[in-house]
Amino acid sequence: MPLLTRATGRAYFAVQAIAGALWWVLVPTVPAVATATLGRLDPLLVGALDIPLFVVASALVALGIRWATWVAAPWTLLVTAGIVLYATLTGRAGWGAVRCGAVRCGAVRWR
């Protein structure tokens with residue numbers, strides 16, 4: 001049985017959705033998490049976009065709704081590009097950049 005199956009992809013997106021949801025619980029409740037991952041970005045603005053386009057879309061993919069990959073994967077690519085640009089312009093990079101890079105690698109494989 002191949003290791004990379006549709007079920008494996010759905011499991012990946014499930015873990016991604018759970019991790020994203022947990023992170024969004026931590027952002028407003030643990031200031032160090034918000035500072036380390038968002039820096040000076042407005043958490044309300046970022047959350048208003050990231051929760052539906054990343055967390056919810058990833059959960060939908062995990063439930064087998066395949067069109068949601070066309071929401072979650074491009075959004076993750078856009079966020080990753082934004083973080084790289086931000087880190088390049090400011091000379092700062094944080095765990096958010098590491099997270100997005102890792103997530104992007106997995107999301108592209110399952111589309």
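The two residues V71 and P74 make their nearest non-hydrogen contact at O-CD, 3.6 Å. Closest non-hydrogen pair, L60 versus A68, comes out as CB-CB, 3.7 Å. Of all heavy-atom pairs between P31 and T29, the closest is CD-O, 3.7 Å. Listed here is the closest heavy atom pair of R10 and A62: NE-O, 3.0 Å.
Side chains of V79 and F54 form no contact here, defined as non-hydrogen atoms less than 4.5 Å apart. Under the 4.5 Å side-chain criterion, counting only non-hydrogen atoms from C-beta, V61 is not in contact with Y12. With contacts defined as side-chain heavy-atom distances shorter than 4.5 Å, the pair W75/D50 qualifies.
Between the side chain of T8 and the backbone N or O of L4, no donor-acceptor pair lies under 3.5 Å. Under the 3.5 Å distance criterion, the side-chain polar atoms of T69 are matched with a main-chain donor or acceptor of R66.
In this structure, L22 is a member of the same hydrophobic cluster as V55, with clusters built from ILVMFWY side-chain heavy atoms closer than 4.5 Å. W67 and L78 fall within the same hydrophobic cluster, where Ile, Leu, Val, Met, Phe, Trp and Tyr residues are linked whenever their side-chain heavy atoms come under 4.5 Å apart, directly or through other members. Two different hydrophobic clusters hold V25 and V56 under the rule that ILVMFWY side chains link at heavy-atom gaps under 4.5 Å. Residue V33 is not grouped with residue I18 when hydrophobic side chains (ILVMFWY) are merged at heavy-atom distances under 4.5 angstrom, including chains of intermediate members. V30 and V46 fall within a single hydrophobic cluster, where Ile, Leu, Val, Met, Phe, Trp and Tyr side chains are chained together by heavy-atom contacts under 4.5 Å.
For P52, there are no side-chain contact (heavy atoms from CB on, under 4.5 Å) partners, not counting sequence neighbours. Residues satisfying the side-chain contact (heavy atoms from CB on, under 4.5 Å) test with V15, not counting sequence neighbours, are none.
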(Q) Between T37 and W23, is the side-chain contact (heavy atoms from CB on, under 4.5 Å) condition met? List the steps. (A) CA-CA 10 Å; T37 58; W23 181 70; 3.1 Å; yes

